[in-house]
Amino acid sequence: MDLTLLDKIYDPEQFREQGHQLVDLLANHLTAAQQASGKTIDYKTPEIEKKFWEQYPKNQDFQTLAKDIMERSIHIHNPKYMGHQVAPANPLNALTALLSGLFNNGSAVYEMGMSNTAMEYLVTEQLCLQLGYDKDARGYFTSGGTLANLTALLAARSVQVSSGVWEHGHDKPLAIMVSEEAHYCVDRAARIMGLGDQGIIKVPATNKYIMDTNALEAAYKEASAKGLEVFAIVGSAPSTATGMIDPLDKIAAFAAQHKLWFHVDAAHGGAAIYSKKYGKDLRGIAMADSVAIDGHKMMMMPSLTTALLFKNGAHSYKTFSQKADYLLSHSEHEDWYNMAKRTFECTKNMMSIHWYTLLNQYGTSGFDAFVTHLYDMGKVFANLVSERPNFELALAPQTNIVCFRYVANGLDSLALNSLNEHLRTALVARGDFYIVQTKLRGTHYLRVTIMNPKTTEDHMKSLLIELETLALTHIKSTTVPLV
Ligand SMILES: Cc1ncc(COP(=O)(O)O)c(C=O)c1O
C-alpha cells in the first residue's frame, strides 16, 4: 500500500499553493471574459475533443491542466454568451462551491451537514414567504429542475391518488395535464412514473405559446371519458423555447375547480418573485401546490441547485412515503432536518450555502437586480431586432429569452429555415458569440437568452451585424432557391 501517495493526494500545502494559483487564474479569466476579449467558444467536434484528452500527457502540471480545461470550455462570463439558460456563476458562489467540494457534507442525515441543513430550512422558508405562501409551507433543495419536477409530480400522485400508489402501485390509469410548450423533462417525469402516452395530456398553446386555458375543460372531459384519473396540472413560468409564462392564475382556478394538484415549473423564471417590476407576471403562483425554482439559472448560482417548495408543508413529507412522518400538527415533532427522507437524493451537494451566503451578503436585492436587469435586456434586444429590416421576432418577449430570425426577400420558408440554421452553425464556428436555436411550429428561429449582466446593447448590436454579414456571405455563395 503506497501511503506516501495518499499523503501527497491529501497534502494541505499542495492544496494551498494550487488553490492560490487557481484563484488567480480564474480571476484573470473573469476579468478578460467580462471584457469580451477572446472567444466565447472555441468549438471542437466531439471526436477531436475526445482525442485531445485521450492523448493528454500523464502527470500534467495542475495549472496547465486547469488552463486547458478553461480554454476548451464555453465562457459563460463573456458578455457575448447569450445561449442556454445557465447563469454566469457569481464568483462568491464559486467559492462556496469550493467549500462544498472540500467539506462534502452530504446532508442526507442531519449530522452530515448541520450548517447547510439549517440554512436549507431558513432559505426555503424565505423563498416560500416571498412566493406568497404562509408559514405552513416547506421546501428543500434538490439537484436540478428536472429532478424537482419529477419529485413534485411524485408528491402530487402520493397526495392525490387515494389508492396509495407508493404501497400498492397504480390500480387505474393516471394522467397529468401540461402545455405542449413545457420543458421535455415534465413529459419524461410522467413517463418515468409509468403514465405512458395516454397519461400525458398535452394542452395546446395559443399563438403566444402559452397554455390555452380555453382548451382545458374539453381536454379534461375527454380524458375522464377515457377512464383516466387526472391528478395534476403543470404550468410553466416560463416555458423554455419562447420564455413565455403560462396564465398561472387561470390554471390555478381550473385546478381548484377539479381538485387537481397544481405544480409550477418555474425553473427559469421563479426568480422573478424577487423582482419588483416583473413579479406581477407570476400572478397565481402562490396558489400552486408546488413550485420549482433553479438557482443555477436566474439566480446566478453554480449548477446544480434547485428549490422545490410546497404550499402545504406536510405534502413535502409524503413523496416517498404514504404517511407523512410529520403532519405539521403542533403536537408532533417535525423531522425537517433529516433531508433524505424528503429528497430523491441520499447524498447531495451543500447547495443551501450558496443561497444563504448570497442572502447574507446582499439580501434579496441582488436577486431583484439580476432578474429585473436581464428581463429588461431581453426587451432591449427585441427592440434592436425589430428596428432591423432583415430580422423578425417570433413574438414580443416576456422574459430574457428572445426568438428571432433573419429574413430576406425572395427566399421561401424552407430556404429561410436552412439559412437560419446555417447562421447559427457559422456563428458558433467563429466562436466570438454563442447563441442557440429552436423550431417553433415548423419555423427555424435563432434564440438568445440574455443571462449575463455584462451584456450591453453594443454587444447585441454587434451580434446582429455579425449575423447580417454571415447571411449576406452565405446568400452570395449559395444558390438558395428563390420564389
Ligand atoms: C422550464 C424548464 N424546466 C426545467 C428545466 C430543466 O432544469 P435543469 O436543467 O435544472 O434540470 C429547464 C432547463 O432549461 C427549463 O427551462
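Atoms within each ligand, like the ligands themselves, are counted from 1 in listed order.
Annotation: A267 places no N or O atom under 3.5 Å from an N or O atom of ligand 1; distance criterion only. On a distance-only criterion, Q85 and ligand 1 share at least one N/O pair closer than 3.5 Å.
Looking from atom 11 (O) of ligand 1 to the surrounding protein, the closest heavy atom is T146 OG1, 2.7 Å. In terms of protein heavy-atom proximity, atom 7 (O) of ligand 1 is closest to K297 NZ, 3.0 Å.
A salt bridge links D376 with K277; the closest basic N to acidic carboxylate O contact falls under 4.0 Å. For K202 and E181, the salt-bridge test fails: no basic side-chain N is under 4.0 Å from an acidic carboxylate O. Salt-bridge check for D368 with K276: passed, with a basic side-chain N closer than 4.0 Å to an acidic carboxylate O.
For ligand 1, the atoms lying closer than 4.0 Å to a non-hydrogen atom of C185 are 4 (C). Residue-ligand proximity, P238 to ligand 1, at heavy-atom distances under 4.0 Å covers atoms 1 (C). Taking a cut-off of under 4.0 Å to the non-hydrogen atoms of H296, the atoms of ligand 1 that pass are 10 (O). Per-residue contacts place G144 under 4.0 angstrom from the following atoms of ligand 1 (heavy atoms of the residue considered): 10 (O), 11 (O). Close approach of ligand 1 to T240 (heavy-atom distance below 4.0 Å) involves ligand atoms 1 (C), 2 (C), 15 (C), 16 (O). Near D294, with a cut-off below 4.0 Å to any heavy atom, the atoms of ligand 1 are 7 (O), 8 (P), 10 (O).
Listed here is the closest heavy atom pair of Q198 and L228: O-CD1, 3.4 Å. Between T306 and H296, the shortest heavy-atom distance links the atoms OG1-CE1, 3.5 Å.
Of the possible polar contacts, one joining the T449 side chain to the G83 backbone as a donor-acceptor pair under 3.5 Å is found. The backbone N or O of V203 sits nowhere less than 3.5 Å from a side-chain atom of E180 that would complete a donor-acceptor pair. Using a distance-only test at 3.5 Å, with no hydrogens or angles considered, a donor-acceptor pair links the side chain of N452 to the main chain of N78.
Heavy atoms of A266 come nearer than 4.0 angstrom to ligand 1 in no pair at all.
Comparing heavy-atom distances from atom 3 (N) of ligand 1 across L150, T305, D265 singles out D265 as nearest.
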